[in-house]
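Just below is one structure, and these are the notes that go with it.
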Amino acid sequence: DAGITQSPRHKVTETGTPVTLRCHQTENHRYMYWYRQDPGHGLRLIHYSYGVKDTDKGEVSDGYSVSRSKTEDFLLTLESATSSQTSVYFCAISDMFNNEQFFGPGTRLTVL
Amino acid sequence: KNEVEQSPQNLTAQEGEFITINCSYSVGISALHWLQQHPGGGIVSLFMLSSGKKKHGRLIATINIQEKHSSLHITASHPRDSAVYICAARETSGSRLTFGEGTQLTVNP
C-alpha cells in the first residue's frame, strides 16, 4: 500500500472554528490532492498541489485553503468551518497529474 | 446531467455470478479510472486505461473511446467483492478528473 496517512481520522467541531487536516506521504510523489465525498456526489476536488508551495484550486475550493511546505505534507484548512463542510475528506497522491492516484484513509469531519 | 454516469447505482448478486458495471461520459477523455471503495471507506485504484482492455485477476475493464463508454466486469463474484465501484474520466486536456457517483455492489453468499 502507498504510504499515505491522514490526521485526524475523525473530528467534530463547531461552526465558526478553524480546522486543519493533514495529509502525509512517504512516496515522494509530486502531486497531492484534497477531495471531499458527499452522498449524491462523486468525489470532488477541493485543491491540489504540484510541488512545494505550488497549489491550485479545484471545483469546490470556496471556504478552503491549502499549504504545502514540504513534499510529504499537504494541509487543508477550513478557516471558519460551516455545516456545509461536514463531509468525508480524502487526500490522494500521484506521480503525474491526474494519473493513477493513491488515496489516504479519509477524515470524517462533522461541523455542528 | 453529470458528465460521468454510472449504472446501475445499486447491484445485488449471488456469489459466483458474472457482474458488469457501466460508465458513460460526455466529455472527450484521455483516460478512465476505475476505483474500489471498501465498506470501511478506503479507496483503491483498480485500473487506469485509455483503450482496449485490462485484466487483473477476476477483474476486467474495457473502454470504447468512440462510444464514450467503459465497463468493469467481475468474474466468479465473491462476497469480498462487495464495495462501491467508482469510475473517473480524465479530460483530454488532462486538467480535470470527473468522478461518477459510484455503484454499490453487494455479493451474497
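In what follows, chains carry the letters A, B, and so on, assigned in the order in which the sequence lines appear, proteins first and then strands, with residues in each chain numbered from 1. Model, not experiment: these values are computed from the prediction.
- Both B:Leu105 and B:Leu46 are members of a single hydrophobic cluster when ILVMFWY side chains are connected at heavy-atom separations under 4.5 Å.
- Residue contact with chain B, scored on non-hydrogen atoms closer than 4.5 Å, is absent for A:Leu45.
- Linking Ile, Leu, Val, Met, Phe, Trp and Tyr residues whenever their side-chain heavy atoms come within less than 4.5 Å places A:Phe102 and A:Leu21 in a single cluster.
- By the neighbour-count criterion of 12 heavy atoms within 6.0 Å, atom CZ of A:Arg44 is densely surrounded, having more than that number from other residues, nucleotides or ligands.
- For B:Arg90 and A:Asn99, the side-chain atoms include at least one donor-acceptor pair closer than 3.5 Å.
- Rounding to the nearest 0.5 Å gives a distance of 7.0 Å between CD of B:Gln37 and CG of A:Leu43.
- Not a single donor-acceptor pair under 3.5 Å links the side chain of B:His33 to the backbone N or O of A:Gln101.
- Residues B:Trp34 and B:Leu11 share a single hydrophobic cluster, defined by chaining ILVMFWY side chains whose heavy atoms lie under 4.5 Å apart.
- Under a hydrophobic clustering in which Ile, Leu, Val, Met, Phe, Trp and Tyr are joined whenever their side-chain heavy atoms come within less than 4.5 Å, directly or via other members, A:Val66 and A:Val19 fall into the same cluster.
- Across A:Glu59 and B:Arg96, no two heavy atoms sit closer than the pair OE1-NH2, 4.4 Å.
- Within 6.0 Å of atom CD in B:Glu15, more than 12 heavy atoms from other residues, nucleotides or ligands are found, so the atom counts as buried in its surroundings.
- With a 4.5 Å cut-off on non-hydrogen atoms, B:Ile86 touches chain A through its side chain but not through its backbone.
- For the pair B:Leu97 and A:Tyr33, the minimum side-chain heavy-atom distance is 4.5 Å or more.
- Rounding to the nearest 0.5 Å gives a distance of 10.5 Å between CD of A:Glu100 and CZ of B:Phe47.
- Atom CD of B:Gln9 is surrounded by 12 or fewer heavy atoms from other residues, nucleotides or ligands within 6.0 Å.
- B:Ile43 has its side chain within reach of A:Phe90: a pair of non-hydrogen atoms, C-beta onward, lies under 4.5 Å apart.
- Chosen from B:Ser45, B:Ala88, B:Gly42, the residue pairing most often with chain A at heavy-atom distances under 4.5 Å is B:Ser45.
- Contact of A:Tyr35 with chain B is made through the side chain alone, with heavy-atom distances under 4.5 Å.
- Connection of A:Phe74 to A:Val60 is established within a shared hydrophobic cluster, with ILVMFWY side chains joined at heavy-atom distances below 4.5 Å, either directly or through further cluster members.
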